[in-house]
Amino acid sequence: MTTSPDQQQPQQQPYGQMPPIIINNTSSASAAATAMVGAVGVRRRRQSFWVHFWLFCFTAGIGNVFYAMHISRWNRDRGL
């Protein structure tokens with residue numbers, strides 16, 4: 001089979017085949033494993049800056065203590 005002069009043949013890659021693509025998912029797998037500690041899909045609750053800020057403004061700091069105790073107790077009860 002011949003090709004006409006206006007058609008070009010596809011250019012060959014210099015190394016022959018595509019190299020194998022390796023995806024390393026170890027970091028995301030370990031992050032998912034740490035989130036699954038204790039119960040399925042339960043994540044550790046974090047202290048919120050804005051909640052502390054508004055509690056300080058409205059409760060003169062007393063609300064901050066109760067909020068911090070609530071978050072700490074929630075994490076402790078779930079083993080996080």
Side-chain angles (χ1 to χ4, degrees):
M1 178 167 161
T2 61
T3 58
S4 64
D6 59 338
Q7 292 179 342
Q8 294 181 0
Q9 291 195 357
Q11 194 172 20
Q12 294 292 326
Q13 297 175 344
Y15 47 82
Q17 292 181 335
M18 289 289 294
I21 298 172
I22 300 171
I23 299 173
N24 187 358
N25 285 333
T26 57
S27 63
S28 63
S30 64
T34 57
M36 297 291 193
V37 174
V40 177
V42 177
R43 292 180 37 189
R44 179 179 176 85
R45 284 198 179 173
R46 307 275 182 202
Q47 304 282 336
S48 169
F49 169 78
W50 291 110
V51 172
H52 279 290
F53 173 78
W54 290 112
L55 284 171
F56 181 77
C57 290
F58 292 122
T59 65
I62 300 300
N64 287 332
V65 174
F66 291 113
Y67 174 68
M69 287 172 38
H70 168 71
I71 296 296
S72 297
R73 186 179 305 123
W74 192 93
N75 289 330
R76 186 182 62 236
D77 290 345
R78 286 156 182 81
L80 301 174

- [ ] Of all the heavy-atom pairs spanning Tyr67 and Arg46, show the shortest one and how long it is.
- [x] OH-O, 3.8 Å
Open item on the list: Other residues, nucleotides and ligands only: do more than 12 of their heavy atoms fall within 6.0 Å of CH2 on Trp74?
Closed with: yes
TODO: Could you grab the distance from atom CG of Asn75 to atom CZ of Arg45, nearest 0.5 Å is fine?
DONE: 8.0 Å
- [ ] To the nearest 0.5 angstrom, please state how far the CD1 atom of Ile62 sits from the CZ atom of Phe56.
- [x] 10.5 Å
Task: Linked, directly or transitively: Ile71 and Val51 (ILVMFWY side chains, under 4.5 Å) - done: yes
Task: Value rounded to 0.5 Å, distance of CE in Met69 from CZ in Arg76 - done: 9.0 Å
- [ ] Using the six-membered ring wherever Trp is involved, compare the ring planes of Phe53 and Phe49 and label them parallel, tilted or perpendicular (cut-offs 30° and 60°).
- [x] parallel
- [ ] Taking all non-hydrogen atoms of both residues into account, name the closest pair between His52 and Ala68 and its distance.
- [x] CE1-CB, 4.3 Å
Task: Joint cluster assignment, Phe58 & Trp50, ILVMFWY side-chain distance < 4.5 Å - done: yes
